[in-house]
Number of protein chains: 2
Amino acid sequence: MSRASDRAYAIIRDMILAGELLSGAKIGEEALAEQCGVSRTPIREALSRLEAELLIRRSDTQRSFVADWSLDDVEEMFELRGLLESRAARRAAKRINWSQIERLKMHHEAIGHAIYAATPDTHRFIEHNHLFHGVILEASASAQLTTMLARIVERPIVHRTAQNYSFDDLKRSHRQHGELLAAFEHRDPVWAEAVMVSHIRRAFHAYASAHTGQRITDVSQAAE
Amino acid sequence: MSRASDRAYAIIRDMILAGELLSGAKIGEEALAEQCGVSRTPIREALSRLEAELLIRRSDTQRSFVADWSLDDVEEMFELRGLLESRAARRAAKRINWSQIERLKMHHEAIGHAIYAATPDTHRFIEHNHLFHGVILEASASAQLTTMLARIVERPIVHRTAQNYSFDDLKRSHRQHGELLAAFEHRDPVWAEAVMVSHIRRAFHAYASAHTGQRITDVSQAAE
DNA sequence: CGACAGCTTAATGTATACAATGCCAAAACG
DNA sequence: CGTTTTGGCATTGTATACATTAAGCTGTCG
């Protein structure tokens, strides 16, 4: 993470996530270079990565804009994520080892603590949720699934979904993780896959209901 | 296609496809720059794209190597392709319009001619096969599916699969395209999805049987 | 004889200057 | 007054020089 392009990537990504850059806004390389304190070269590399992750869009003449997401786009994204992540779960159930299950349990517990604390710790929930899914991806032992999912999971929508979770949503997510864990312990691919489909689908509906009637592309609103 | 980075991308990609670069071979930016007649800057961009498409691998210290593919990797790739492309077919069946169906029919006919000519025209088969699948992807109206599949379909394995098709394989592929066409005309998502799963799965087995007992990562062999 | 350290060499990462290209606005023409 | 063309400006694409970092080798020490 010490390379300038990595820092630039993180900075730009966080700006989009935080809503400092409005959807559809034009972003020039020069301006970003100044803000990030690096030259245009690493900026260009960062933009490539962000484009691959669909956080930015490029016009036909290579001008960069912050991507805007219609509800349909979001649903499509969740559909894709469900497709890939459930496949990962299926593969993982056949391959997961003891130490990976232990790590899953650890994150599962951490999530439990985050939810049932005096005041639910959303940040901690998100962090361990991410790690939980990361372990599954690792256990799936598929470089290609990993590559593709990395391009989806890092998107603002995914981050923001959990922030909109109600207490019930959090509990339900936690229960589903428990269900996944059980499926893994039984090495049951069909079970694991089914739970994951449901898990991701639920996440979509949590997002959708939090954003119905609201301009979901308005990042500053959505981030609250 | 006039940009230097595009040319560099095409050149390097073709070199890998043609087997001029052996699997696992180290490829330096400087050397490529000389061969492509451009500076290192566009080469670096081309390498990024090739890495995203998993045609090259990068070491932990960012050295580039031509990716090698185990049979497991190839199966995984076909699995992923089947997953995504069948989903595209499902979406397409609900959305496809008349002009897209017409184009599918056109490519279908062209493939038929290519197969049943005096001497089967593999090149033409591959071209129209690619276009056929492209129309389906277009009809699926999913930017994200399109982006992801582009990263899979352009890989050497996919290209080489059709080259190893027997006459029977070619006929079967053609028949399956006809089946897809029927599913689209009936606007039947379930049917279209099922046919596509079968279609891609068949392609994998055609590849696998052509390469059993053979070092499939040896590109120069496989390309023959 | 093997292993580690330090140096040498070669590769990648970054900055900057310049070229090419698209964009916009103002002016000229119909 | 509307449309089109042209000029300047802004932005991206490319080349090159330099900085940084890894890899490999050799010599010395255990």
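Keep in mind that this is a model prediction, so the values were computed, not measured. Below, read A as the first sequence line, B as the second, and so on, with proteins coming before strands; counting in each chain starts at 1.
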Short N/O separations, protein against nucleotides 23-25 of chain D, under 3.5 angstrom:
| residue | atom | partner | partner atom | Å |
| --- | --- | --- | --- | --- |
| D:dA23 | OP1 | B:T61 | OG1 | 2.9 |

Decide, yes or no, whether a salt bridge links A:E51 with A:R57 under the criterion of side-chain N to carboxylate O below 4.0 Å.
no
Could you check how far [atom1] of [X] sits from [atom2] of [N], rounded to whole Å?
{"X": "A:I56", "N": "D:dT11", "atom1": "CD1", "atom2": "C1'", "result": "14 Å"}
{"X": "B:R57", "N": "C:dT12", "atom1": "CZ", "atom2": "P", "result": "14 Å"}
{"X": "B:E29", "N": "C:dT14", "atom1": "CD", "atom2": "C1'", "result": "12 Å"}
{"X": "A:E30", "N": "D:dC9", "atom1": "CD", "atom2": "P", "result": "16 Å"}
{"X": "B:R3", "N": "C:dA20", "atom1": "CZ", "atom2": "C1'", "result": "12 Å"}
{"X": "A:L47", "N": "D:dT11", "atom1": "CG", "atom2": "C1'", "result": "12 Å"}
{"X": "A:K26", "N": "C:dG22", "atom1": "NZ", "atom2": "P", "result": "14 Å"}
{"X": "A:F65", "N": "D:dT11", "atom1": "CZ", "atom2": "C1'", "result": "11 Å"}

Donor-acceptor contact below 3.5 Å, side chain [X] vs main chain [Y]:
{"X": "A:R63", "Y": "A:T61", "answer": "yes"}
{"X": "A:R187", "Y": "A:I96", "answer": "yes"}
{"X": "A:H174", "Y": "A:H108", "answer": "yes"}
{"X": "A:Q144", "Y": "B:D73", "answer": "yes"}

For B:I43, which contact category applies under a 4.0 Å heavy-atom criterion: base, sugar-phosphate, or nothing?
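The answer is nothing, as B:I43 stays clear of every strand by at least 4.0 Å.
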Tell me what B:I27 touches on the nucleic acid: a base, only sugar-phosphate, or nothing, going by heavy atoms under 4.0 Å.
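Sugar-phosphate only.
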State, with a plain yes or no, whether a side-chain heavy atom of B:Q35 is found less than 4.5 Å away from one of B:E20.
no
For DNA chain D, which residues in residues 33-41 of chain A have a heavy atom at a distance below 4.0 Å?
A:R40
Trace of the side-chain contact (heavy atoms from CB on, under 4.5 Å) decision for B:E109 with B:H128
CA-CA 9 Å; B:E109 267 187 47; B:H128 283 281; over 6 Å; no
I want to verify a distance call: between C:dT14, C:dG13, D:dG13, whose nearest atom is closest to the A:R58 side chain?
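It is D:dG13.
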Can you give the donor-acceptor pairs under 3.5 Å from side chains of residues 132-140 of chain A to other protein atoms, not counting sequence neighbours?
| residue | atom | partner | partner atom | Å |
| --- | --- | --- | --- | --- |
| A:H133 | ND1 | A:E85 | OE2 | 2.6 |
| A:H133 | NE2 | A:H177 | NE2 | 3.4 |
| A:H133 | NE2 | A:H199 | NE2 | 3.4 |
| A:E138 | OE1 | A:R103 | NH1 | 3.2 |
| A:E138 | OE1 | A:R103 | NH2 | 3.3 |
| A:E138 | OE2 | A:Q100 | NE2 | 3.1 |
| A:E138 | OE2 | A:R103 | NH2 | 2.8 |
| A:S140 | OG | A:L137 | O | 2.6 |

Is there a donor in the side chain of A:Y207 and an acceptor in the side chain of A:E75, or the other way round, less than 3.5 Å apart?
no
Please check the phosphate of C:dG13 (OP1 and OP2 only) for any side-chain N or O of B:Q62 closer than 4.0 Å.
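Checking C:dG13 against B:Q62, a side-chain N or O does come within under 4.0 Å of OP1 or OP2.
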